[in-house]
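Order of the sequence lines fixes the chain letters, A, B, ..., with proteins taken first and strands second; residue numbering starts at 1 for each chain.
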Number of protein chains: 2
Amino acid sequence: MKNIPNISDAEWEVMKICWLKSAPCTANEIVKALEESTDWKPNTIKTLIGRLVKKEALGFKEEGRVYIYYPLVTEQECIQAESKSFLTRVFGGALKPMLVNFLKDEKLSQDDIEELKRLLEDRKE
Amino acid sequence: MKNIPNISDAEWEVMKICWLKSAPCTANEIVKALEESTDWKPNTIKTLIGRLVKKEALGFKEEGRVYIYYPLVTEQECIQAESKSFLTRVFGGALKPMLVNFLKDEKLSQDDIEELKRLLEDRKE
DNA sequence: GATAGTATACTACAACTGTAATCGATTACT
DNA sequence: AGTAATCGATTACAGTTGTAGTATACTATC
């Protein structure tokens, strides 16, 4: 399998934009989107895009005068990779203790709990 | 509440040793322990310890000629902090999607599933 | 007391990150 | 044609991290 590059916190925000929009987007579209959720300067965002290209997390095509960018890695792949690294670091790779920890979280609603339970039900053969 | 310092991957390994041993331990004890699980040079480990002291994740007392180190933050606190940052970055802070993601993991045994289900049961009022 | 062994402290250095400013090329407007 | 606006490329710069080497101070030994 393809190996997923490390994506930093700030870079992750850029990727999220690109994943959200199904179509490839220009640097400016990314900048616009991020100016709503962050207070990063356009140059900062350009830098992040550049780094993601270098890491091969984003690809681009020249379209006339501008570049249009598109993800080279899927959100699922990245989530899996990040999750694994988190799990390894914090829980020594042990899935269950991690889940136990989170299932205790206050913020789960009764509905959430129901849904999660159903999910577990389905896993039983 | 006290604010938890950022602890890097490598530093986390050092903290795990300190949390494991309930008693405060010397640099050498930490080095010994880590030489079994990693191939870091003693100096590397000393550096990590030093950084953790500077971040106030570890404290120390001089005990004759050597220092003995002890955690200033609990494992629980750090796990919570890391978990939160992971959740925010990767899942935009949404707990349920994260759990859904992990509950689908292949590596859960039937027993695990049972236990997790019981945990959820207990949460229902 | 000179020397060899330790312990901690200081220094090193490149890669990655967050955060941007500036440069150079091109285009659009006047 | 000259000038301003725009886009991507290059450069900047400090803080963190991984990974250690070197220096310094103290102690134990010969």
For salt bridge (Lys or Arg N to Asp or Glu O under 4.0 Å), just list the numbers for K117(A) and E121(B), CA-CA rounded to whole Å, side-chain angles, deciding distance to a tenth of an Å, and then say yes or no. CA-CA 8 Å; K117(A) 251 190 59 179; E121(B) 291 286 355; 2.9 Å; yes
Working note: E115(A) + R118(A), criterion salt bridge (Lys or Arg N to Asp or Glu O under 4.0 Å); need CA distance, chi angles, decisive distance, verdict. CA-CA 5 Å; E115(A) 186 176 332; R118(A) 268 198 304 280; 5.0 Å; no
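If you take CG of N6(B) and P of dT17(C), they are 14 Å apart, rounded to a whole angstrom. Remark: C1' of dT19(D) and NZ of K46(B) are 15 Å apart, rounded to the nearest angstrom. In this entry the distance linking CD1 of I45(B) with P of dG21(D) reads 13 Å, nearest Å. In this structure, the CD atom of E11(B) is 7 Å from the C1' atom of dT17(D), given to the nearest Å. Atom P of nucleotide dT19(D) and atom CD1 of I49(B) are separated by 16 Å, given to the nearest angstrom. Between the C1' atom of dT17(D) and the CH2 atom of W12(B) lies a distance of 16 Å, rounded to the nearest Å. A straight line from OH of Y67(B) to P of dA25(D) spans 13 Å, rounded to a whole angstrom. Computed from coordinates, the K61(B) NZ to dA7(C) C1' distance equals 18 Å when rounded to whole Å.
Side-chain N/O atoms of S8(B) include one lying less than 4.0 angstrom from OP1 or OP2 on dG18(D).
Salt-bridge check for E29(A) with K21(A): failed, with every basic side-chain N at 4.0 Å or more from each acidic carboxylate O.
I68(A) and L72(A) are not part of a single hydrophobic cluster, where members link through side-chain heavy atoms under 4.5 Å apart.
If you check every strand for non-hydrogen atoms under 4.0 Å, K55(A) touches sugar and phosphate atoms only.
When the nucleotides dG18(D), dT17(D), dT8(C) are ranked by their closest atom to the side chain of V66(B), dT8(C) comes out on top.
Exactly one residue among T26(B), V53(B), V14(B) makes a side-chain contact (heavy atoms from CB on, under 4.5 Å) with Y69(B). That residue is V53(B).
Open room surrounds CD on E56(A); 12 or fewer heavy atoms of other groups in view lie less than 6.0 Å from it.
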I need a per-nucleotide contact map over nucleotides 19-30 of chain C, read 5' to 3'. Cutoff is protein heavy atoms under 4.0 Å; write B for the base, S for backbone only, - otherwise. BBBB---BS---
